[in-house]
Trainee: 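Here you go, one structure.
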Amino acid sequence: MHETAAAPAWVMLAYLIAGICFILALRGLSSPATSRRGNRYGMIGMAIAVGTTLVIQEIAGLWEVAIAIAIGGAIGFFIARRIAMTAMPQLVAAFHSLVGLAAVLVGAAAYLNPLAFGIADAAGSIYFNSRLEMGLGVAIGAITFSGSVIAFLKLNGNMSGKPILVPARHVLNFGILFAILALIAYFTQDQSPWIFWTVTGLAFAVGFLLIIPIGGADMPVVISMLNSYSGWAAAAMGFTLQNTAMIITGALVGSSGAILSYIMCRAMNRNFLSVIAGGFGGDAAAGAAEAAIDRPWKRGSAEDAAFLMQQAELVIIVPGYGLAVAQAQHAVRELADLLKAEGVTVKYAIHPVAGRMPGHMNVLLAEANVPYDEVFELEDINSEFARADVAFVIGANDVTNPAAKTDKSSPIYGMPVLDVEKAKNVLFVKRSMGGVGYAGIDNDLFYRDNTMMLLGDGKKMAEEIVKNLG
Amino acid sequence: MHETAAAPAWVMLAYLIAGICFILALRGLSSPATSRRGNRYGMIGMAIAVGTTLVIQEIAGLWEVAIAIAIGGAIGFFIARRIAMTAMPQLVAAFHSLVGLAAVLVGAAAYLNPLAFGIADAAGSIYFNSRLEMGLGVAIGAITFSGSVIAFLKLNGNMSGKPILVPARHVLNFGILFAILALIAYFTQDQSPWIFWTVTGLAFAVGFLLIIPIGGADMPVVISMLNSYSGWAAAAMGFTLQNTAMIITGALVGSSGAILSYIMCRAMNRNFLSVIAGGFGGDAAAGAAEAAIDRPWKRGSAEDAAFLMQQAELVIIVPGYGLAVAQAQHAVRELADLLKAEGVTVKYAIHPVAGRMPGHMNVLLAEANVPYDEVFELEDINSEFARADVAFVIGANDVTNPAAKTDKSSPIYGMPVLDVEKAKNVLFVKRSMGGVGYAGIDNDLFYRDNTMMLLGDGKKMAEEIVKNLG
Amino acid sequence: MDFISILSIFVLSCFVGYYVVWSVTPALHTPLMSVTNAISSVIVVGALIAALAAAVPAAKWLGLAAVVLASVNIFGGFAVTARMLAMYKKKER
Amino acid sequence: MDFISILSIFVLSCFVGYYVVWSVTPALHTPLMSVTNAISSVIVVGALIAALAAAVPAAKWLGLAAVVLASVNIFGGFAVTARMLAMYKKKER
Ligand SMILES: NC(=O)c1ccc[n+]([C@@H]2O[C@H](COP(=O)([O-])OP(=O)(O)OC[C@H]3O[C@@H](n4cnc5c(N)ncnc54)[C@H](OP(=O)(O)O)[C@@H]3O)[C@@H](O)[C@H]2O)c1
Ligand SMILES: NC(=O)c1ccc[n+]([C@@H]2O[C@H](COP(=O)([O-])OP(=O)(O)OC[C@H]3O[C@@H](n4cnc5c(N)ncnc54)[C@H](OP(=O)(O)O)[C@@H]3O)[C@@H](O)[C@H]2O)c1
């Protein structure tokens with residue numbers, strides 16, 4: 001490896017400290033109480049990294065940079081203030097595409113001006129290692145960008161969530177990926193521009209093609225995966241620039257994305273490869289929904305629901321994706337407050353993949369000021385359903401489906417689910433009968449004797465129940 | 001810092017791999033199922049570290065080294081085979097003293113032949129950093145050695161466990177520690193032999209003086225603490241030799257010792273400093289024991305105990321230090337087997353500081369072939385005592401004492417304890433009445449209505465109960 | 001820094017990443033996603049190097065564009081995380 | 001290796017140590033003590049360097065003595081740990 005001129009010791013120390021701040025930022029997230037301090041560590045770390053870089057560079061272009069930071073910062077700040085909590089999945093996807101694009105731009109800049117990065121000899125010939133890292137970094141960045149843009153469009157509803165299945169897509173994708181790798185290998189021998197730009201272009205294209213066939217609801221796994229890749233790309237750049245902060249960050253982000261993808265796949269009992277291969281999810285429900293509607297089921301009104309809950313000692317609220325769609329979190333919180341005022345114990349049960357991204361429901365409930373010590377994870381609450389008088393399921397479906405425990409042929413078989421059926425009464429709030437949900441399958445619970453269906457929009461239904469409680 | 005000639009890349013890589021093997025060795029201990037693989041990783045790591053060092057040195061003295069390893073290895077192997085599981089606390093202390101002494105010897109060798117270690121210039125003047133690290137390393141090693149020797153003698157019963165309180169010991173100890181630090185500071189300026197050897201001698205003395213006043217029963221905390229120190233010393237040597245394996249090991253061992261000391265102090269609800277200041281523990285029980293014996297209590301026989309347990313549905317066995325003293329683990333296991341054969345559910349409840357070292361009881365039960373899935377930690381079983389028909393307490397005392405929950409003036413107030421008193425019947429196996437235990441305080445449980453005392457040696461009593469069950 | 005040092009730092013960072021992410025409570029997985037988003041913008045360091053080097057104008061402009069994008073992410077990511085975390089409250093007693 | 005690299009490695013190792021030790025199950029705390037004992041004998045590396053350098057006889061003998069002591073620890077520590085761990089069994093069903 002060619003050694004670049006070593007930076008002064010204090011600079012390397014500063015980058016190390018920045019890296020440690022990032023570790024502490026994630027460490028803070030081990031509990032809500034410490035999380036805010038953690039986030040501040042993250043900001044401090046970033047300030048140290050940026051400040052150090054500014055101090056050691058020639059300050060000729062400092063004005064332009066200050067303006068660039070101000071523009072970007074203002075936009076970011078504005079978006080962060082305005083975004084609705086229900087739009088978090090889209091926002092993460094959008095921010096994510098920016099990281100990808102920035103990585104491509106940095107790679108391109110390094111390619112055009114390698115001397116500034118200290119990765120080329122005096123003749124302008126880029127070092128072998130750096131060519132490799134640059135090629136991989138740009139390719140991963142480009143895939144992250146175009147993939148995240150598609151993810152954003154699908155999650156935001158600008159594009160149908162339906163998987164779009166190009167014929168022979170696996171062959172096509174593998175072909176392009178192979179071409180990219182081959183070109184990067186060639187690039188280590190010949191640093192001609194056409195190779196660099198072809199790699200970039202192909203990577204943009206393959207990011208697009210890879211994500212298009214994946215259903216909208218699988219996007220969170222995709223985003224985590226891309227997040228993980230971009231972490232490894234940052235680490236690769238850290239190797240090139242011998243920057244500890246980047247290496248540590250890369251490893252943290254890489255692990256985080258990989259672990260979240262793993263957690264999601266495990267909680268959905270799906271194979272990671274089958275998610276990435278695509279073709280699942282989206283709006284597949286429509287067909288399946290029609291079949292089973294002729295089974296008898298009980299319809300309830302807001303009044304019935306209010307009566308049942310008032311009589312109860314323990315009510316467990318089970319929110320799901322529909323809560324986010326309906327933005328019903330505030331109404332639900334109000335409902336819970338009224339019940340508590342009448343002496344009913346209220347708890348919330350959160351399935352690890354309720355909603356559309358990890359921790360989705362927790363954020364929404366927190367937004368509605370639900371104290372986090374009333375909110376329980378699956379393992380901690382599942383044994384309590386047997387003691388509950390009412391399980392109030394609002395906008396959740398798959399995560400309550402007992403087929404996951406009993407029916408080996410079900411696509412969700414083996415996924416851990418909430419045992420809502422053990423409660424004395426089950427109330428289901430959703431807009432229609434049948435298997436309208438992520439997995440698109442029917443739920444036997446709708447037709448059970450102790451179940452009452454409350455058909456309607458989640459928010460409206462919760463508000464009506466509140467009226468009946470008052 | 002003066003840079004030593006860099007080792008070839010493959011050597012540094014090998015040490016890194018050795019360090020990673022050590023991480024995996026500890027990681028394996030996160031569950032019994034993976035622990036054996038973990039231990040093998042540890043061996044592989046050590047083999048890599050030793051092998052690499054042998055390969056890169058001149059091989060003139062290889063024969064002597066081989067013989068040294070063979071002698072040491074044979075002794076170690078022999079001890080490891082023969083030692084009784086009940087003697088583990090002593091063994092750890094003894095091994096520990098060897099690490100300390102070896103560190104002193106290595107430090108002295110480095111002082112005498114700094115060129116071999118690459119820590120001196122051609123004139124034989126040792127580098128500043130290395131003098132500092134060497135001084136600290138030798139001092140810590142010597143303290144570890146003499147401290148561990150005392151700990152060994154106290155734990156092994158070769159020396160009374162009573163705290164030996166030298167007058168004005170705190171002043172004396174601080175004086176010596178200060179002198180050591182001052183001499184090390186001076187050593188960085190003047191590398192004369194008298195300074196080196198005075199530091200070594202004083203450190204041996206202070207290790208002795210520091211540990212003498214600490215009661216025998218507090219030795220596990222002391223050993224962990226010394227373990228932690230020696231870890232940091234190894235890390236310091238790793239800095240000098242630029243050896244990744246040593247740095248990683250040092251950090252692992254340092255953390256391990258610190259965390260175990262912390263866990264012990266927390267579970268005993270004692271302040272770390274008060275443990276180290278000494279004067280607690282030992283055989284303090286004798287005095288306190290006499291006072292309370294005139295309260296009424298119920299004495300039971302092995303026959304009564306057998307009858308009660310046969311009738312039970314759930315029996316929870318609570319072992320303590322007395323189990324180790326009596327070596328009663330096999331008899332208890334037999335007892336449990338007979339009960340299980342009669343359809344009784346048997347569980348074991350382990351307090352985090354039952355016995356005299358962390359995990360002490362678990363090792364003994366494992367030795368007696370008790371499956372580890374019948375053995376529960378305090379948090380997992382405490383709620384079950386209310387359902388239990390019999391709590392069979394054998395050789396435990398402090399860890400069951402309800403005074404920790406209720407009596408603010410008790411020396412163990414605030415320490416988490418096992419709720420044995422909630423069981424329908426409590427059987428206590430010990431040799432005498434009164435407060436004979438680590439904390440030396442009486443236990444209100446002995447005098448309760450639902451308690452039956454089974455006075456006698458733990459092993460004999462368990463065997464008699466077995467006879468009555470048969 | 002030689003290659004082995006960097007490799008050591010990377011490998012150890014992976015261990016740290018593994019442990020630190022697994023210790024994040026599931027209730028905070030959404031903030032985890034947004035904060036990793038923010039910190040992965042540490043590539044702004046590369047963008048700054050490019051933006052501050054005047055020699056090649058095209059590279060400079062690419063660098064400036066990257067600085068803008070990364071800044072959106074940094075400020076947006078930390079701010080939205082802070083906003084989310086501010087909502088997680090214990091029951092007031 | 002420069003000082004900052006070594007420092008980085010040390011700091012990250014401390015994080016790893018912290019997490020890895022906390023993740024050890026309490027039932028295995030005794031084996032943890034014996035295995036850390038064994039691995040802390042990695043100072044044998046220093047002992048070997050001293051023992052193999054012929055220049056200063058006193059240092060050589062000190063080194064050899066240290067090799068003996070460290071070897072007791074290495075073989076004894078791993079063997080006794082292995083003996084203990086072999087005893088931890090699940091219920092056979
Ligand atoms: N959280 C993650 O990280 C993640 C990631 C990827 C995939 N997933 C998947 O997402 C699913 C999550 O399960 P889930 O139970 O939360 O949701 P779900 O199974 O997708 O069901 C959502 C339910 O909400 C109802 N709904 C939609 N809009 C509503 C509104 N405005 N008012 C009231 N109800 C409404 C829908 O029925 P109607 O249309 O009849 O109202 C539907 O039954 C799982 O299958 C999981 O595997 C989760
Ligand atoms: N585990 C650790 O890491 C650790 C470290 C430091 C300190 N400690 C301390 O050690 C204590 C441990 O509590 P513990 O309840 O296990 O023990 P304990 O409170 O020390 O009591 C031991 C009991 O065993 C009895 N005993 C002794 N030899 C016996 C024999 N041969 N047969 C039957 N009984 C016998 C003793 O009474 P008789 O003499 O009347 O028989 C005594 O009541 C705690 O106070 C803890 O803080 C633990």
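Each chain gets a letter, A, B and so on, in the order the sequences are listed, and its residues count up from 1.
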Trainee: Test A:F376 against A:I350 for side chain to side chain contact (heavy atoms under 4.5 Å, CB included), laying out the working first.
Mentor: CA-CA 6 Å; A:F376 297 87; A:I350 309 283; over 6 Å; no
Trainee: Which heavy atom of A:A103 sits nearest to which heavy atom of C:I43, and what is that distance?
Mentor: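 Where A:A103 meets C:I43 most closely, the heavy atoms are N-CD1, 3.6 Å.
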Trainee: Could you look at A:M43 and say if it's the side chain, the backbone, both or neither that has a heavy atom under 4.5 Å from chain C?
Mentor: both
Trainee: Counting only heavy atoms not in A:R36, do more than 12 sit closer than 6.0 Å to its CZ atom?
Mentor: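 Count over threshold, so yes.
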Trainee: Contact part of A:P352 toward chain C, heavy-atom cut-off under 4.5 Å: side chain, backbone, both or neither?
Mentor: neither
Trainee: Does any heavy atom of chain A fall under 4.5 Å from the side chain of C:V42, the backbone, both, or neither of them?
Mentor: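 Both the backbone and the side chain of C:V42 come within 4.5 Å of chain A.
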Trainee: Would you call the rings of C:Y88 and A:Y372 parallel, tilted or perpendicular, where under 30° means parallel and over 60° means perpendicular?
Mentor: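 Rings of C:Y88 and A:Y372: tilted, 30 to 60°.
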Trainee: Checking A:V370 against chain C: side chain, backbone, both or neither under 4.5 Å from a heavy atom?
Mentor: backbone
Trainee: Under 4.5 Å from any heavy atom of chain C, what part of A:A49 do you find: side chain, backbone, both or neither?
Mentor: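 It is both, since atoms from each part get that close.
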Trainee: By a 4.5 Å heavy-atom criterion (distance strictly below it), what part of A:T244 contacts chain C: side chain, backbone, both, or neither?
Mentor: side chain
Trainee: Please flag which part of A:R82 lies under 4.5 Å from any non-hydrogen atom of chain C: side chain, backbone, both or neither.
Mentor: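 For A:R82, the backbone is the part near chain C, not the side chain.
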Trainee: At a 4.5 Å cut-off on heavy atoms, which part of A:Y15 comes close to chain C: side chain, backbone, both, or neither?
Mentor: side chain
Trainee: Below 4.5 Å from any heavy atom of chain A, which atoms of C:V45 appear? Answer side chain, backbone, both or neither.
Mentor: both
Trainee: Give, as side chain, backbone, both or neither, the part of C:A38 having an atom under 4.5 angstrom from any heavy atom of chain A.
Mentor: backbone
Trainee: Can you name the nearest heavy-atom pair linking A:I223 to A:P89, along with the distance?
Mentor: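 Reported closest heavy-atom pair: CD1-O, 4.1 Å.
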Trainee: Tell me, side chain or backbone of A:R40 under 4.5 Å from chain C's heavy atoms, or both, or neither?
Mentor: neither
Trainee: Just checking, is any N or O donor in the side chain of A:S30 or C:S23 under 3.5 Å from an acceptor N or O on the other one?
Mentor: no
Trainee: Looking only at heavy atoms, what is the nearest atom pair of C:S71 and A:A68, with distance?
Mentor: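 C:S71 and A:A68 have their closest heavy atoms at OG-O, 4.3 Å.
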Trainee: Select one option (side chain, backbone, both, neither) describing which atoms of C:L32 are under 4.5 Å from chain A's heavy atoms.
Mentor: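 C:L32 touches chain A through backbone and side-chain heavy atoms alike.
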Trainee: Pick one of side chain, backbone, both or neither for A:Y262, based on which atoms fall under 4.5 Å of a heavy atom in chain C.
Mentor: side chain
Trainee: Which class fits the ring pair C:F75 and A:F77: parallel under 30°, tilted 30 to 60°, perpendicular over 60°?
Mentor: perpendicular
Trainee: Can you tell me which portion of A:L115 sits under 4.5 Å from chain C's heavy atoms? Options are side chain, backbone, both or neither.
Mentor: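 A:L115 has no heavy atom closer than 4.5 Å to chain C.
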Trainee: Against chain C, label A:L26 side chain, backbone, both or neither, depending on which of its atoms sit under 4.5 Å from a heavy atom there.
Mentor: both
Trainee: Using heavy-atom distances under 4.5 Å, tell me whether A:L365 contacts chain C through its side chain, its backbone, both, or neither.
Mentor: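 Neither part; nothing is under 4.5 Å.
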Trainee: Which pair of heavy atoms, one from A:S31 and one from C:L28, lies closest together, and at what distance?
Mentor: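 For A:S31 and C:L28, the tightest heavy-atom pair comes out as C-CD1, 3.8 Å.
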Trainee: Which region of A:E367, side chain (C-beta onward) or backbone (N, CA, C, O), has a non-hydrogen atom less than 4.5 Å from a non-hydrogen atom of chain C, or is it both or neither?
Mentor: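 Both parts, heavy atoms under 4.5 Å.
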Trainee: For A:N227, is it the side chain, the backbone, both, or neither that has a heavy atom closer than 4.5 Å to a heavy atom of chain C?
Mentor: side chain
